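In what follows, every heavy atom counts, from backbone to side chain, and hydrogens, waters and symmetry copies are set aside. All figures in this text were calculated on a predicted structure; none of them were measured in a lab.
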Amino acid sequence: MKNILIVSNSDTCRSRMAQEILNSFGRGMKISTAGVLVGNSVSDVVCQVMEQNGYDFSRRKPCDVATYAQQTWDYVITLCPEAEEVQKEMQGVVRKYVFFNFADPFRGGIHADDEQEERVVALYNAMHKELYEFFRSELMEKLLPRCSCGANTYCRCE
């Protein structure tokens, strides 16, 4: 089981989306989310976009990164430059940091509904692509069970 913490600016959009996307790729991950600055609530448009893509999206209350600062993590994934400051708070409890830079679809204020949805859909598409590449290169080999022969997929020796 890999313990993964996903950190964004406010834990109301990008981190929640990343959690659902990564969870969809496979088992063996315990994923938590947090924000550097705790936001108010998850936007309706974020929930709609995720639900349209087949995710059962949670509206749980956003969480502060300090809540997780004393736990041990295999990975801490930051999704924006503002979240990179968690390295200072979590020294010694993280095995590996991974940095992404996904744009905030709400930066610059609230936009017209159609434009806001387009921004969230674009974010979802970019995140899905990059997180899948991360999963394939970093996690998939570590999470798949291995046969006694050393193979980890569709072994035919037994």
*Asks:* Just wondering, do Val7 and Val36 contact through their side chains at under 4.5 Å, heavy atoms?
*Replies:* yes
*Asks:* Hey, are the side chains of Tyr124 and Val46 touching, using non-hydrogen atoms and a 4.5 Å cut-off?
*Replies:* no
*Asks:* For the atom pair CD (Gln71) and CG (Asn3), what is the distance rounded to the nearest 0.5 Å?
*Replies:* 8.0 Å
*Asks:* Would you call the rings of Phe100 and Phe102 parallel, tilted or perpendicular, where under 30° means parallel and over 60° means perpendicular?
*Replies:* parallel
*Asks:* Would you indicate whether the side-chain heavy atoms of Glu84 and Tyr97 approach each other to under 4.5 Å?
*Replies:* no
*Asks:* Less than 4.5 Å apart, any side-chain heavy atom of Glu138 and any of Val98?
*Replies:* no
*Asks:* How long is the gap from CD on Gln19 to OG on Ser24, to the nearest 0.5 Å?
*Replies:* 11.5 Å
*Asks:* What do you reckon, is CD of Gln70 surrounded by more than 12 foreign heavy atoms closer than 6.0 Å?
*Replies:* no
*Asks:* Ring-plane angle category for Phe25 and Phe135, please: parallel below 30°, perpendicular beyond 60°, tilted otherwise.
*Replies:* tilted
*Asks:* Measure the shortest side-chain to side-chain distance between Tyr68 and Val76 over non-hydrogen atoms and say whether it is less than 4.5 angstrom.
*Replies:* no
*Asks:* Nearest 0.5 Å, please: how far is CE in Met17 from CG in Asn53?
*Replies:* 8.0 Å
*Asks:* Do the non-hydrogen side-chain atoms of Thr72 and Arg95 ever get within less than 4.5 Å of each other?
*Replies:* yes
*Asks:* Can you check side chain to side chain contact (heavy atoms under 4.5 Å, CB included) on Asp11 and Ile6, steps first, answer last?
*Replies:* CA-CA 9 Å; Asp11 192 31; Ile6 300 174; over 6 Å; no
